[in-house]
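In what follows, a structure is listed as structure tokens, so that the remarks can point back to it.
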Amino acid sequence: MRASIPLGAIFDLNGPAEYVSWHFIQISVPNLVVIALMIVVFVAALLIPFPKREREP
Amino acid sequence: MNDPVKPPATPDADAPWPGPFVRYDLVKELVVALGAVIAVVVALAVLFSSPDEPPVTIQSWSRAAPADFLAIAVTELNRTSDVATYGPPYNEGTGSVQKIGPISLQEAAGVKVPIETARDYVLEPLHEVPGAPRLRAALDAYEAAPARLQEKWAANYEKALPEARFVAGVPVLPPGRYGPVEPMMASLLAMGQSGALDGALLAGGHRFYATDYTKPLLFVSAGEYFEKLAEHQHLLGTQWGMMNETGSFPGQVWLWLFSFWYQVEPFKSSPNADALIFVLMGVLSLAFICVPFIPGLNQLPRRLGVYRLIWRDHYREVET
Amino acid sequence: MWTTKVRERAVREMPPEKLLPDRQPSYVSSWIYVFGVVTIAAFVVVIASGVVLGMKGPEWWHLTGLGHFVNSMHLWAVEIFFFAMVVHLWGKFFMGAWRGGRGRTWVTGAVTFLVAIGAAFTGYVSQQNFDSQWIAFEAKDGLNAVGIGSFFNVANFGQMYTWHVILLPTVVVLLIVGHVLLVRRAGVVPPYAARLAKGADDE
């Protein structure tokens, strides 16, 4: 159905995802990566020093 | 250089800031952010593309799983299918009607997208087949028969269907009393496999333009074929499917809480799970909106102390 | 005169230096402050890629390489939009950013998040692929169960597409404008009181 796609992906994510199961919790690895990245970015935003700017009293 | 004014240690959140200011270029911030987001978006699109699994059509379904197609089609004819017994907004059934305590908002909203499965999915499409005198005779016989006989034929057909063989694509059932239902179902299968049924269900009523896929979608989605594809893609409600995407792409992660309730009791086994979870999520959403006004919750960040990290430069300055 | 009153009130509430200041209080010194702007930047990319998709139409995004690429940009911009919005939300929560009469700012932000979920949802069901079919099939039961399905039919592409490309984005734009104006009017929330004596509680 689909025509040739010249701008195809470098990494093909169309294969089935891996899932992590823990008790009743099931989450796909791609979703887990997104959540982990969100936490990493949040913590990084708090920890990385913000550049000092000049004061304007 | 002048000595900078020291910021106040106990600032009044209601009053304008009396302390020192720093230069901050909001427009530059937005432009840089826009550039960065575009760069990341282009990179992600080049690296990973996006999912686009072809849809299931009645044609692809009836070709790949003709027995599954017939099993659904005959229950649509007999008005015993999930759709036929669903209830509002499709019909007056009760099969999928949900309640919140004694109240059913579903029934209150009424039948607004009417579907009469025998007519819409079987009889009308078959009437559109040109020529075919044998089919015409079968339809006449079926429609002239009393309702009890119609039901009997369809029920017999449904019962015998698991033993059907397909000879050159044509379903052959063990001998039995199926009346005109057997040739009707064979014609409907042929119509499905040719793609004509997709068109008939979409453009029912013979309009030219069509944008409403309710009828074909409810038909296709009743089949085991459709559900198996979804199960394979980890999309079922019991698989936290609301959060998931086809393939290995991230999905609607922001629906995690919605998806969560379906995995736990009392919702997991409740026939009213959808309605109850909708109401619960409505209440929780309202609480989320009202966080600033909920006593206790609105004091939580002060107790958690993460703010000490966010404003650590400020506290270092005023606390020494 | 009404016109004069409206103008004078607008200028009084939102003088230009408040609307677009070139300085911030000294405590604005953390990367957490950039995520609101990143959310807006991602939203701009969502709208821009969406406009291209809308102008070219569904055949284009399914069947051509360029169309599929713009479709990919639209998806990833949405992922970044939600990503940045959630980080922004966490940041504002831990700052108690609703203090000092800034409750409405939180409210508009929270409502934006919820409406954006609806905007994304109508986009998912407008893709016209297996994902759309399945999401529509599943979501219809939830919406029908509370009576919404009688008016908001997820299997009606014409209806969902209109919600997705016009109605909900317009609401999101208006909410973001209101949210930003509220932030500019009240200014960024100041820090909680400092701990002046060592070991003292921060009451």
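In what follows, chains carry the letters A, B, and so on, assigned in the order in which the sequence lines appear, proteins first and then strands, with residues in each chain numbered from 1.
- To the nearest 0.5 Å, the span separating NZ on A/K52 from CG on B/D313 amounts to 3.5 Å.
- In this structure, A/F24 and B/W240 have side chains that are in contact, with non-hydrogen atoms separated by less than 4.5 Å.
- Contact check for A/L13 versus B/E245: no side-chain heavy atoms found under the 4.5 Å cut-off.
- Distance check: A/F11 CZ to B/S248 OG gives 13.0 Å after rounding to the nearest 0.5 Å.
- Per-residue counts of heavy-atom pairs under 4.5 Å with chain A were compared for B/H234, B/Q252, B/Q239; the largest is that of B/H234.
- Among B/V253, B/L47, B/V22, B/L309, the residue making the largest number of heavy-atom pairs under 4.5 Å with chain A is B/L47.
- In this structure, B/W311 CH2 and A/L46 CG are separated by 11.0 Å, a value rounded to the nearest 0.5 Å.
- Only the side chain of A/I27 comes within less than 4.5 Å of a heavy atom of chain B; its backbone N, CA, C and O stay farther away.
- Atom CG of A/N31 sits about 9.0 Å away from atom CH2 of B/W254, to the nearest 0.5 Å.
- Within a 6.0 Å sphere centred on CD of B/E265, heavy atoms belonging to other residues, nucleotides or ligands number more than 12.
- Side chains of B/F21 and A/R55 form no contact here, defined as non-hydrogen atoms less than 4.5 Å apart.
- Neither the backbone nor the side chain of A/L32 comes within contact range of chain B, judged by heavy atoms closer than 4.5 Å.
- Between B/F249 and A/N14, some side-chain heavy-atom pair lies under the 4.5 Å cut-off.
- Taking a 6.0 Å sphere around CD of B/E224, one finds it holds 12 or fewer heavy atoms contributed by other residues, nucleotides or ligands.
- Looking at B/S259, neither its backbone nor its side chain comes within 4.5 Å of chain A, counting heavy atoms on both sides.
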